[in-house]
Amino acid sequence: MPAPVSDKVKICIDRGGTFCDVIAISETKGDHLVKLLSVDPDNYPDAPAEGVRRVLEWFTGEKIPRNQPIDTEKIEFLRMGTTVATNALLERKGERCALLINKGHADALEIAFQTRPFLFQLAVKKPDVLYSKVVEIDERIIPEWHEFVEEGKTVADNGDRLIKTNSGVTIRELKPLDIGEVTASLKGLYEEGYRSLAIVLAHSYLWPEDEQHVAKIAQDMGFENVSVSAEIEAKIGFIARGQSATADSYLTPEVKRYLNGFAKGFKGKLEDGNCRVSFMQSDGALADFKKFSGLRAILSGPAGGVVGFARTSYDPLDGSPVVGFDMGGTSTDVSRFNGTYEHVFETTTAGISIQVPQLDINTVAAGGGSILTYRNQIFNVGPESAGAHPGPACYRKGGPLTVTDANLFLGRLHLDSFPKIFGPSEDMPLDYDIVKEKFEALTNEINKENGSNLSAAEVASGFINVANSSMARPIRALTEQRGFRTSSHNLSCFGGAGGQHATAIAQLLGMHNVIVHKYSSILSAYGMALADVAVDVSEPYVQEFSQNSIPTIEGRFDGLKAKATRRLVEQGESADLVVYDCYLSMQYAGSDTTLMILRPEGNDFTRAFIEEHRREFAFVLDAPIMVAAVRVRATAKSPSSDLSERSPWVEELQQLESSELQIPEPKSFASNSIYFEELGEFTDVPLYKLHDLRPGMKVPGPAVILDNTQTIVLHPQNNARILKSHVFIDVGLGPRKAIDLSSVDPIQLSIFNHRFASVAEMMCRALQKTAVSVSIKERLDFSCALFDAEGELVANAPNVPAHLGSMQYAVTYQKNRRKGELRPGDFLLSNSPEAGGGHLPDITVIQPVFDDAGEEIVFWVAARGHHTDIGGLEGNSHHPNQIDRREEGVSFESMFIVRDGVFNEKEIVDTFMKAGDFPNCKATKRLDHNLSDLKAQCSACAVGTSQLHALFEEYGKDVVHFYMKAIRNNAEACTRDALRPYAGKSYTATDYFDDGTEVKVKIDVNEDGSATFDFTGTGPEVLANFNAPPAITRSGLLYCLRTMSGTDIPMNAGVLAPLNIIIPEASVLSASEDAAVSQGNGEVAQRVADIVFTAFNVMSGSHGSMNGTHLMYKKHTWAETTCGGASAGPTWDGQSAVHTNMTNTRIGDLELLESRFPAILREFSIRRGSGGAGLHRGGDGIVRIYEARVDMDASHDGQRRVIAPHGTEGGEEGIRGASYLVKRRRAGGFRTVKLKPAHQIQMLAGEKLIVHTAGAGGWGTPPNKVNGLQGTSFPYVSSKPSSRPPPFTRANGSVSQWGQTQAECD
């Protein structure tokens, strides 16, 4: 029996940043669309409520006044996505909230991961914290060290309580929760007016009871919003979980305020039960509006778009995965669907880690409003956007040229079809004339600079191509980087601007089909009509996986199913309609790379994990497989929600192909003159209205299809088929237009710059995901790069600036060393400074890339990673007492790591073991980590080789090589341009290491932009380990030039080409083969950067050190570098607690440290007041205190312990760093002793190592003295638009995880 026809209307709303889209679905009256401004206070107080009012007027035929509450009796359901939480986070306009955190860690979230968001930036700026006040709680638990665990033991020998948690991990209670102290602290906050709290206690993901107890006290006291970190997501990561809890306490009250205001616009305030009100969450599921939280609302609108394209463009009968392409005004979102939604579990939005399930959506800062600029002979699209005001140039508000303007100029936007809402009286059309004028002026500028003869149309088309290349970049990453062929996907296009670019992007990516739904311009709203209510629950469970563990795991699944079902029933869902997806979070033992594995047939999780690991990372490990967590996603399915029962377009397309019905030719309503690059000229092109096209009609390109909200551009090779609900476009992949190699085309230069950088980024992501060591995976101490056939740098993706200029010397050495010996598939291994290395722990894997015939080397790729343990003096490769290179661990001059497809494990292992042969030295204790990381580096190189071969296949070897050389030449020209303002003068500076060793530089810049950097006068080699090979000085120079320029100079060999670098032999900057260099790689690089910035008077002295700490116990090693104060400058205060200049590695997370090593991190705080005073203060250093749980060894190497960071222009010095040991007295108790700047010590259990890092110097005379700097001009501080930090992106899914700390460095 058919279901009865509903007499109610279903309403779905996507409230975006600019427009509010509304779709109404009625079984009796059809569908109805409403589009209105998101903010229009002169006409209505709330856009979604206004949209509902307009829908009901259409549905009922009755006039509904704006100023009266809306009756919901005729509404079946109301679903909505909103940007309220996103905007509050981006604009920092959330609720005033307080943070409760463990004692000693009040500054933990302010320091966060210690990285600076943008690598090449003089004025370092980290994201602001969300909380207004911090209260420390003297409570502490830690995971019990595995050697101490005794089954059934509940009290430790010293009286500490031991607790076996549900996760299977035993914890030790070091300090119980003090209820009186907590109550008093909460009372004080309440009296200060705080009503929103975030609570994060270390290791609460294992033992949430203390957090829950604090929350209960707060709620009983009257706090209205309490966010508990372990309840948000029970996952390891103190910083990420703490930032998530803070974001929730910051955003949820704001969201609730909005919901309350929204509800007031309806009769009964939506409490009368007439209609169901749900909001879209970031994970693609609906939630009852009373259960909607700020943290899960950040991707509310984009998530609706993913559901929309998944349900309308993925067809089970075809089986092809679909890439969603959602192009808006300021940015573009890309995502992927292959029958199941893909989630990520930790992302970064607006500088804040979000640790909840979210759909894997990745945002690129390129949209219709992206600003077009021409700098350094390169076309740039974004990341800056013109926004709604002033908007594109054509909006008649004096705006800059944008992507929208380029489309208008090329004829792809039909002026007469665009609403006339512009100009002072808002009744004028888009301004074509100003766009034409601006493009012609820009074209003249480009032709004058390049000696080219481009037309304005070619320039506009070039910008479109660059934008398309930029938007294709994350699509390649989302597919190719994960082992999926991009060309096997269909492209689903939606969003207001998507139809103008979709077919060109599909052509660029080799994708055969583009699918455009009839509601593509409002697909986020429509997707909410297709979404389900779902709940995602998980819990930690640490256990080696075997078939014997299945019964226990099933019990965990059952418990989570019951929990999830209760939550769904609370939202009004029927338990009978709930279906469950069960997952295990799995990883190899010793690795932190987890894969979420959906329950396979027969519960064969082992096979499923291995297959997924091999597909995504191209290798598997011979190691036990561990379970890290269990997860259940419970979905309340509606009767029509099963995708497998529907065919959105395949069946209809097949029926049309087999039908003999005569379908009339489509009729155009007008024509427009449009420029297509394929034709090389403007051509009259027919325009069609979508609603006039009947199903079955064919529209050949070139053509344009329009409806009220979108424009679909068909290129000459495209063919569109009109379906009932879709436009199905056969892209018609043809031969690529030949590229003229007689001269450099700045458009192609820009595109190849994107493509080469993209290959390096993909290598980095592969390495970070496949490595097992904390150093590479968590601290991101690695870099990847491409090199030409001669071994010169082409493109790189550096996490560590010290690697910038040094890797090419490793490649050129191997090129010469192995000339004539190499064949396809070879991988080489090297770390020797004489072979181009920096210091021995930085091991480089190098692969030659051969042509298709396997005869000629056409490229090289390399991956350099820091191996924490490679052996060395007393087992420490960074031992402060090293004076001989042989004391620093394993050395590889040139070794085949892979040949003929065989991993050369025996020779590698033998060489690692030989490091223990030198007196007082030991070999590596973690050979398993070394071998695994080396395999990961090989995997990264294989990715680079594969992508370069794809580039050759796409363009041809001659074209790729031509633009590879052009990019290098462009970098040289950019360097000359950056140096010319300094011509005609000499610049000198002197600085010192803490032992008094002098570093000197004299810089002479010539009129042609060439320069001599002369380090003559620098002190000789030292009988210590902070000597360095010349490559390190070159890295420092490259970093300084790129940073001072304030522009996006391509980072390749061309940057150093105009420089004459004089480095005295046998100096601390040019180490001999016997000299120890383990600390020189970092400390010399930092001093070179400091002295160059000092010579140019750019900014004050930074904390200027890597501040390396090593903790060692048996086979376990924990190593990290530590931040300090950043330099102040003429217009900025120095940032506190951040890495500067030549490093940007992350700090180890507290919970990871205490789980992996027998130590307690007692304190990590900002050393307030350690920055030098000045008109602009220097940034403060930090305090980091480690407590030994066992007898162990520890070392620390740091500079700026004797020589303070200098002030500039009257600014005062920063306070020096220092290290201390809290040492046991023989008679009992402890004493505090100061340590040498570089030291290795033996620590007894209970002793503490205290590290203080230096503050930076101040800039300018302090305000309480004579202020002589106001009004002074400093020409080296760039005012160019490109020097501004790019805006925060909305969604950083899996593509962006590896490189968030340096995503804007290329």
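As a basis for the values below, the full set of heavy atoms in this structure was taken, side chains included, without hydrogen atoms, waters or symmetry mates. Throughout, residue positions are numbered sequentially from 1 according to the sequence presented.
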List the steps and the verdict of side-chain contact (heavy atoms from CB on, under 4.5 Å) for L714 and I729.
CA-CA 8 Å; L714 300 180; I729 303 171; 3.7 Å; yes

Looking at F77, I'd like to know if the NZ or CZ of K10 sits under 6.0 Å from its six-membered ring centre while staying within 45 degrees of the ring's axis.
no

Under a 4.0 Å N-O cut-off, is there an ion pair linking R54 with E57?
no

Regarding D283 and R633, does a basic nitrogen lie under 4.0 Å from an acidic carboxylate oxygen?
yes

Is the backbone N or O of K256 less than 3.5 Å from a side-chain atom of N260, with the two atoms forming a donor-acceptor pair by type?
yes

Whether the T347 and Q358 side chains hold a donor-acceptor pair (N or O, under 3.5 Å, no angle test) is what I'd like checked.
yes

Side chains of F325 and M327 in contact at under 4.5 Å (non-hydrogen atoms)
yes

Looking at K93 and E91, does any basic side-chain N land under 4.0 Å from a carboxylate oxygen?
yes

Pair T363-D333, side-chain donor/acceptor within less than 3.5 Å
yes

Could you tell me whether the side chains of S647 and D315 share a donor-acceptor contact shorter than 3.5 Å?
yes

Rounded to the nearest 0.5 Å, what's the gap from CG on D71 to CD1 on I64? Could you check?
8.5 Å

Could you pull out the closest heavy-atom pair between L78 and F266, with the gap in Å?
CD2-CZ, 4.2 Å

Of all heavy-atom pairs between A472 and L508, which one has the smallest distance, and what is that distance?
CB-CD2, 3.8 Å

Let's go through F337 and E342 carefully: what are the C-alpha distance in whole Å and the side-chain angles of both, what is the deciding distance for side-chain contact (heavy atoms from CB on, under 4.5 Å) to 0.1 Å, and is it a yes or a no?
CA-CA 7 Å; F337 185 79; E342 298 179 350; over 6 Å; no

Could you please spell out the steps behind the side-chain contact (heavy atoms from CB on, under 4.5 Å) verdict for I75 and V52?
CA-CA 9 Å; I75 304 175; V52 173; 3.9 Å; yes

About how many Å separate CG of L295 and OG of S282, when rounded to the nearest 0.5 Å?
7.5 Å

Step-by-step side chain to side chain donor-acceptor pair (under 3.5 Å) determination, D730 to N719
CA-CA 5 Å; D730 180 350; N719 284 282; 5.7 Å; no

N/O donor-acceptor pair under 3.5 Å between S300 side chain and M280 backbone
yes

Parallel, tilted or perpendicular, judged at 30° and 60°: which one describes the rings of F262 and F279?
perpendicular

Hey, what do you get for CD1 (I298) to CG (D248), rounding to the nearest 0.5 Å?
9.0 Å

Report the relative orientation of the aromatic rings in H343 and F345; use parallel for angles under 30°, tilted for 30 to 60°, perpendicular for over 60°.
tilted

Show me the donor-acceptor pairs, under 3.5 Å and distance only, between side chains in residues 720-728 and residues at least two apart or in other chains.
residue, atom, partner, partner atom, Å
R721, NE, G696, O, 2.8
R721, NH1, E657, OE2, 3.0
H726, NE2, T312, O, 2.6

Using a strict threshold of under 4.0 Å (side-chain N to carboxylate O), is an ion pair present between R566 and E570?
no

Validation row: T332, D326 side chains within 4.5 angstrom (heavy atoms):
no

Tell me if the NZ atom of K35 is crowded by more than 12 foreign heavy atoms within 6.0 Å.
yes

Could you go through the side-chain contact (heavy atoms from CB on, under 4.5 Å) check for D21 and I13 one step at a time?
CA-CA 6 Å; D21 296 328; I13 305 169; over 6 Å; no

A quick test of your reading: do over 12 heavy atoms of other residues, nucleotides or ligands sit less than 6.0 Å from CZ of R485?
no

Assess the side chains of N490 and H512: does a donor N or O sit below 3.5 Å from an acceptor N or O?
no

Could you tell me the separation between the CH2 atom of W58 and the NZ atom of K29, rounded to the nearest 0.5 Å?
5.5 Å

What I'd like to find out is whether the side chain of Q710 reaches to under 4.5 Å of the side chain of V516, using heavy atoms alone.
yes

Any salt bridge between R567 and E573, counting N to O under 4.0 Å?
no

Straight-line distance of S26 OG to D31 CG, nearest 0.5 Å:
8.5 Å

